[in-house]
Amino acid sequence: MKTEIISAISTANGVGGVAIIRISGEGCLNLLSKMFSPLSKNTKVENFEPYKLYVGEISCAGGFTDFGMAVYFKAPKSYTGEDMVEIHCHGGTAITQGVLKKTFELGALPATRGEFTKRAFLNGKLSLSSAEGLIDMINGESVAAVKSGYSLYREKLFEKVTALQDKITYALAEIGADIDYPEEDLGELALDTLVETLEQTQLTIIDLIKGYNAGSKIKNGVKVAIVGRPNVGKSSILNALLNYEKAIVSSIEGTTRDVVEGSLDINGVKFDLYDTAGIRSASDEIELMGIERSEKILNSADVCVAVFDGGAELTAQDKEIYQKVENLNHLIVYNKSDTFTGDKNGVVVSAKTGDGIESLKSALYQKAFAQGIDRNAELIVEERHLNALKKAEEYLSASLVGIEDGVPLDIVSEDVKSVWNALGEITGKTATEEIIDEIFAKFCVGK
Ligand code: GDP
């Protein structure tokens, strides 16, 4: 099928050393020949050797010229799987716009968000989950997020899910044998094999679902709420963790009214810290609003850090705070270790001297990933994948119950087919146009 030629600036917005304009679609080399003059007079654009950079003059819309390079990627060995061309020009705003507009004047259409990658998907160059991994990599704010995106991009999940689908296909064939030849009863042995296949698939899917707990934190960051009565040193701890003065440290009660946010990297994972306004009775309306917000943060946090002044007696308010975090995933911190000695049942730190701050970071990581991160397992980071896996698991359960209850196999086979379809949503084999459009709309123009 012949597609339109599309083009876009693929490098980031703004001024830079160089910029890259990408053009994709049959006939793009011919389009290039109308705006690029190779430095070597003996070279013709139409005869460009693929994957080789050529130096030359770029004629731009508005009647000016830039000096740069161009490269041809021959279908199907290109990013989109179509004939592609890249123009490397100087990275000024007017220059890149001039090059882009020239491609439009010559008949290219502006590429929509993610259109290059969408074409790559439609041409079978990558799976849907791989495309999602690519967005995760580009948007990743921590090493762990980029790594999990990369693994998705490199089709690790695709391979696993495809292997499961193959098992399901096998299971369907087993059932098919029975449906096609109903007079031949499916032997005891074949039925056992079928049940075993479905059960194994179910276990693998349950394992994958479990990984979402860690995976979502890796992708989105771990949300940490810091609570404690006024003056125990919450803002000071936040500053010590973040290594800079962001929250206002003061000994006047109630100054930390707003929720202060900052992020830090622990073992390559992003942790987002939220200071709270202090949970206590207050008549001041603004303060009350702050308190309400703090409660909200506390209940939605992955880890709650309850801070106490280790050098002072625990007050009624301290106990109230303890009760609030008791049933949440929490960490007890005794601050101001420079003012007391002796053992405490929690992490002992001094925000003032920095003592224990590194241990606090380790403790935070342990709390966030209490079940550990299985580095060899494929982590589910996308909610969409989680939902598809849950759906697949439900159909698997239904199939197994059906077999157990002696439901006719041609009816059970409908549930087994639904397992296959649910898994296909991850790879893209059964994804609807709506899902596909939604995914590529998350991309930027030029990718
Ligand atoms: P918050 O109200 O809980 O946010 O507490 P702040 O961080 O504003 O600190 C309250 C007071 O305790 C300030 O005067 C800080 O200098 C002091 N403070 C905080 N951390 C420590 C610490 O580790 N040791 C000592 N001695 N004082 C601290």
Side-chain angles (χ1 to χ4, degrees), residues 222-264 266 271-326 328-367:
V222 180
K223 189 171 180 181
V224 180
I226 303 182
V227 292
R229 69 171 164 82
N231 274 327
V232 291
K234 295 181 296 298
S235 317
S236 308
I237 288 176
L238 192 91
N239 286 340
L241 283 171
L242 296 176
N243 248 334
Y244 65 91
E245 293 285 319
K246 193 166 180 193
I248 313 147
V249 179
S250 154
S251 54
I252 307 160
E253 278 197 7
T255 48
T256 319
R257 273 184 178 164
D258 225 326
V259 174
V260 185
E261 212 177 319
S263 305
L264 85 151
I266 307 177
F271 281 68
D272 293 324
L273 305 182
Y274 294 81
D275 195 358
T276 62
I279 298 167
R280 63 204 180 90
S281 45
S283 50
D284 183 320
E285 207 175 303
I286 302 170
E287 209 157 280
L288 273 174
M289 273 165 57
I291 290 165
E292 212 174 278
R293 197 157 40 187
S294 299
E295 296 247 14
K296 229 181 187 169
I297 288 180
L298 206 58
N299 291 319
S300 65
D302 296 309
V303 186
C304 297
V305 177
V307 182
F308 302 103
D309 182 341
E313 286 295 318
L314 287 189
T315 67
Q317 208 185 334
D318 282 329
K319 285 174 190 152
E320 207 181 297
I321 282 161
Y322 180 75
Q323 279 165 5
K324 278 194 197 295
V325 298
E326 203 179 11
L328 302 169
N329 188 29
H330 71 278
L331 199 63
I332 301 291
V333 172
Y334 289 96
N335 187 32
K336 312 199 185 183
S337 68
D338 50 302
T339 67
F340 67 90
T341 51
D343 288 343
K344 293 276 183 206
N345 195 12
V347 185
V348 174
V349 303
S350 167
K352 195 174 178 179
T353 65
D355 195 42
I357 295 296
E358 284 308 314
S359 313
L360 174 56
K361 285 186 190 171
S362 309
L364 270 172
Y365 190 85
Q366 294 294 336
K367 272 283 164 201

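Remember, it's 1-based here, ligands and their atoms both numbered in the order they're listed. Keep in mind the model is a prediction, meaning the values are calculated, not measured. Only this structure's heavy atoms are used, side chains among them; waters, hydrogens and symmetry mates stay out. If you read the sequence from its start, that first residue is 1, and numbering goes on from there.
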Are any of the N/O atoms in [X] less than 3.5 Å from those in ligand 1?
| X | answer |
| --- | --- |
| Asn231 | yes |
| Thr339 | no |
| Ala351 | yes |
| Val349 | no |

With side chains defined as the heavy atoms from C-beta onward, is the minimum distance between [X] and [Y] less than 4.5 Å?
| X | Y | answer |
| --- | --- | --- |
| Ser337 | Lys344 | no |
| Leu364 | Val222 | no |
| Asp309 | Asn231 | no |
| Lys324 | Glu295 | yes |

Item to check | Side chain, backbone, both or neither: Thr353 near ligand 1, heavy atoms under 4.0 Å | outcome: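 Near ligand 1, Thr353 shows nothing, with every heavy atom at 4.0 Å or more.
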Item to check | Approximate separation, where rounding is to 0.5 Å, of Ile297 CD1 and Cys304 SG | outcome: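 Between atom CD1 of Ile297 and atom SG of Cys304 there are 10.0 Å.
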Next on the checklist: So, taking the atom named CD1 in Ile266 and the one named CG in Leu360, what distance separates them when rounded to the nearest 0.5 Å?
Outcome noted: 7.5 Å
Checklist entry - If hydrogens are left out, which of Arg229, Lys336, Lys352, Lys234 has an atom nearest to atom 12 (O) of ligand 1, that is, the closest non-hydrogen atom? => result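 When every heavy atom of Arg229, Lys336, Lys352, Lys234 is considered, Lys336 comes closest to atom 12 (O) of ligand 1.
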Next on the checklist: I'd like to check which ligand 1 atoms, numbered from 1 as shown, lie under 4.0 Å from a non-hydrogen atom of Asp338.
Outcome noted: 22 (C), 23 (O), 24 (N), 25 (C), 26 (N)
